[in-house]
Amino acid sequence: MSAPAPAAPSTATTAPATRVLEFTDVARQFPDGTVALEGVHLTIDRGEFVTVVGPSGCGKSTLLRIASGLDAASAGTARVDAQRIGYVFQDATLLPWRSVKKNVELLAELHGMSKTATNQAALDAIELVGLRGHEKKLPRALSGGMKMRASLARSLTLDPDLFLFDEPFGALDEITRERLNDELIRLFVTKGFGALFITHSVSEAVYMSTRVLVMSGRPGHIVESFQVPFGPDRTPELRFTPEFAKLAGEVSHALREGHS
Amino acid sequence: MTATLPGQTTPSEETAVTSTLESPTAEAVATGTTPAPVVRRRRGRRAMNLALPVVVFAALIGVWYAITYLVLDPGRRFLMPAPHTLITDALLDPTITEKVWPALGRSIVVTFTGLAIAIVIGMLWAIAMSQSKAVESSLYPYAVALQCIPILALVPLIGFWFGFGFPSRVIVCVMIALFPIVSNTLFGIQSVDRGHHELFTLHKASRLTRLLKLQLPAALPAIFAGFRISAGLSVVGAIVGDLFFKQGEPGLGILLSNFSSRLQGAPLFFTIVVTAALGFAVFFLFGWLSKLVVGSWYDQSRDR
Ligand SMILES: Nc1ncnc2c1ncn2[C@@H]1O[C@H](COP(=O)(O)OP(=O)(O)OP(=O)(O)O)[C@@H](O)[C@H]1O
Ligand SMILES: [Mg+2]
């Protein structure tokens, strides 16, 4: 690890928590009258991995868009205290004319980092997501999983305090998805950012998170919150333990309740 | 309308190619046959792809000969001189070629000057329109007008305003070639993926950065499609200006008009062929340039 991370990995566990996101009574009503969110309270600290599950159309993406500043709350306050935000969209949104390396460098370029810093940050990020040797490839030559890795690496170059994920692995096959789950956990443990992760998969939610939030159908609000008791060193076997099954069952139940 | 969208022609071709390649393979897999017949059939198709154009070309030449010798009586054969006379009575006749080659040179200069100016003006015009709706609604009507005004009617006027020399020829050429560049560049810039735009918004990219790092590169395939159409049109423009002005150093247009009024059939047809060849050449030049610049990443039909 050669990236000069401003926050040492240990920060997440020892130092007093730094709040990166605080939503108080946030609502979002669209001009057409659709109420996507209502009365959302949510806080995220550095070192927290918060996952939101909820029925389709309940406003999960809207929640992320408000957190990122792409959209604004129509009521309540949405405070974000992050110097840098990483946002991983559902599709990789790589620029097709740029090579992997050039794509990964894009955000650093947009933030006006120097050429050498950009280059170094890109190389480090590519190494972290396991894309070494693919730097020169164009996006069209990548598999879905590799595209997602490149997209992840692109956000990593900024060393974000807050990471937003909108169903990043939704389009991937299960094996690739589970492998990327493990790699994301590893990144989270070493970097200690705060994460807001959206998924449709209860198992993915429980496996990845320190906290799982369940949203109700429209207008979306958080109906239940589960603290996940597992430590940071999670292995795929965890998915087959009774504790995991029990928690996943509870989350699924809450999801069904909120649905009706 | 000339505003062809990028890849509008390719998908059908590509689909055809993919299906010829894929269907036999799928069959072979399904029936469990060895791949050998597939290869043979594929090779057969490829041979067909080469042979058919030759056959069509030969048929056309045949029809041409038939018209010359079977339809026209000898006294009127100058109306459609036999194909080989284009070679014997024009290409190999120095008194003709000493007129045609310099005229070709002058027309090439007009074509490329006009095209270059059209590219610069057209792209700036489109970029300006892409930056604000107000600018777009103020300027787009004039781009459309350019397409709708009968330029042929304006050509003599342009001659009176700007003289009958090189500048007027270039102006006609620019007017004819401009629209596809304007409309394709604008279309390309406006079709940038929303997700990409949001990425740039999220990271607070300036207008200029967005234009240079996102909009223009993304629009390149459409822009090149526009260039290709305009390249053909600029040849037409160069000939039309010449044809009307009938003054100054003769380009291909003046030659066409001269040969035609003197009923010199073979030289006339030869000059037509040369003119068409020039159009072909610039069209394919831009097709090749487009492949070179965006071919590595842009292949709409194959990616989806
Ligand atoms: N710009 C908009 N104008 C009007 N309605 C919108 C707009 N954007 C989203 N909506 C509506 O708001 C609701 C929430 O949308 P959102 O995309 O946040 O849902 P989601 O939970 O992310 O769904 P999914 O799981 O399918 O991605 C939906 O009903 C959607 O139709
Ligand atoms: Mg969504």
Side-chain angles (χ1 to χ4, degrees), chain A residues 61-62 64-72 80 82-100 102-113 118 136-144 147-148 150-152 154-155 157-158 160 162-164 166-168 171, chain B residues 5-7 10-11 14-15 17-18 123 130 184-185 187-227 289-304:
Chain A
S61 297
T62 307
L64 280 201
R65 292 173 60 81
I66 292 174
S68 72
L70 279 178
D71 197 0
V80 173
Q83 293 295 311
R84 294 161 306 265
I85 299 179
Y87 195 160
V88 180
F89 302 96
Q90 175 151 16
D91 19 271
T93 59
L94 301 174
L95 301 179
W97 55 90
R98 283 183 171 231
S99 66
V100 167
K102 285 271 165 206
N103 262 295
V104 173
E105 286 179 342
L106 178 70
L107 302 188
E109 274 174 35
L110 294 185
H111 283 257
M113 274 165 69
T118 302
K136 294 215 171 71
K137 286 193 177 146
L138 287 172
R140 61 185 280 179
L142 302 181
S143 69
K147 280 185 191 149
M148 223 50 238
S151 177
L152 202 58
R154 182 173 66 187
S155 290
T157 55
L158 297 179
L162 174 63
F163 233 124
L164 307 169
D166 196 348
E167 296 182 46
Chain B
L5 310 187
T10 36
E14 285 297 335
T15 330
V17 172
T18 350
M123 286 187 63
S130 74
N184 275 47
T185 305
F187 168 79
I189 290 178
Q190 288 179 339
S191 339
V192 173
D193 185 77
R194 212 183 122 208
H196 290 155
H197 266 307
E198 295 203 323
L199 185 68
F200 276 67
T201 307
L202 200 60
H203 295 278
K204 307 190 170 57
S206 67
R207 246 162 208 273
L208 186 65
T209 308
R210 191 185 292 263
L211 181 69
L212 294 180
K213 291 195 195 251
L214 176 62
Q215 294 173 307
L216 284 180
L220 274 181
I223 293 174
F224 268 100
F227 286 176
L289 272 179
S290 165
K291 265 233 160 71
L292 201 70
V293 177
V294 301
S296 65
W297 61 269
Y298 180 75
D299 188 350
Q300 192 187 36
S301 45
R302 218 164 293 171
D303 275 351
R304 120 180 55 198

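The figures here come from the full heavy-atom set of this structure, side chains too, leaving out hydrogens, waters and symmetry mates. So that the names make sense, note that chain A is the first sequence line, chain B the second, and so on, each numbered from 1.
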For a quick test of reading the model, state the closest non-hydrogen atom pair linking [X] to [Y] and the distance between them.
{"X": "A:L138", "Y": "B:S296", "answer": "CD1-O, 3.5 Å"}
{"X": "B:L199", "Y": "A:T93", "answer": "CD2-O, 4.1 Å"}
{"X": "A:L110", "Y": "B:H203", "answer": "CD1-CB, 4.0 Å"}
{"X": "A:W97", "Y": "B:P217", "answer": "CE2-CB, 3.2 Å"}
{"X": "B:H196", "Y": "A:P96", "answer": "CE1-CD, 4.1 Å"}

Self-check item: Residue pair B:T201, A:L70: steps toward the side-chain contact (heavy atoms from CB on, under 4.5 Å) verdict
Solution: CA-CA 8 Å; B:T201 307; A:L70 279 178; 4.0 Å; yes

Side chain, backbone, both or neither: which part of [X] has a non-hydrogen atom closer than 4.5 Å to chain B?
{"X": "A:Q90", "result": "neither"}
{"X": "A:L94", "result": "backbone"}
{"X": "A:L95", "result": "both"}
{"X": "A:L106", "result": "side chain"}

Quiz item: Within a reach of under 6.0 Å around CD of A:Q83, are more than 12 heavy atoms found that belong to other residues, nucleotides or ligands?
Solution: no

Quiz item: How many angstroms lie between atom CG of B:D193 and atom CG of A:D91, to the nearest 0.5 angstrom?
Solution: 7.0 Å

Exercise. Report the C-alpha separation of B:E198 and A:Y87 in whole Å, then their side-chain angles, then the decisive distance to 0.1 Å, and conclude whether the side-chain contact (heavy atoms from CB on, under 4.5 Å) test is met.
Key: CA-CA 10 Å; B:E198 295 203 323; A:Y87 195 160; over 6 Å; no

Quiz prompt | For chain A, which residues of residues 206-216 of chain B have heavy atoms nearer than 4.5 angstrom | solution = B:T209, B:K213, B:L214

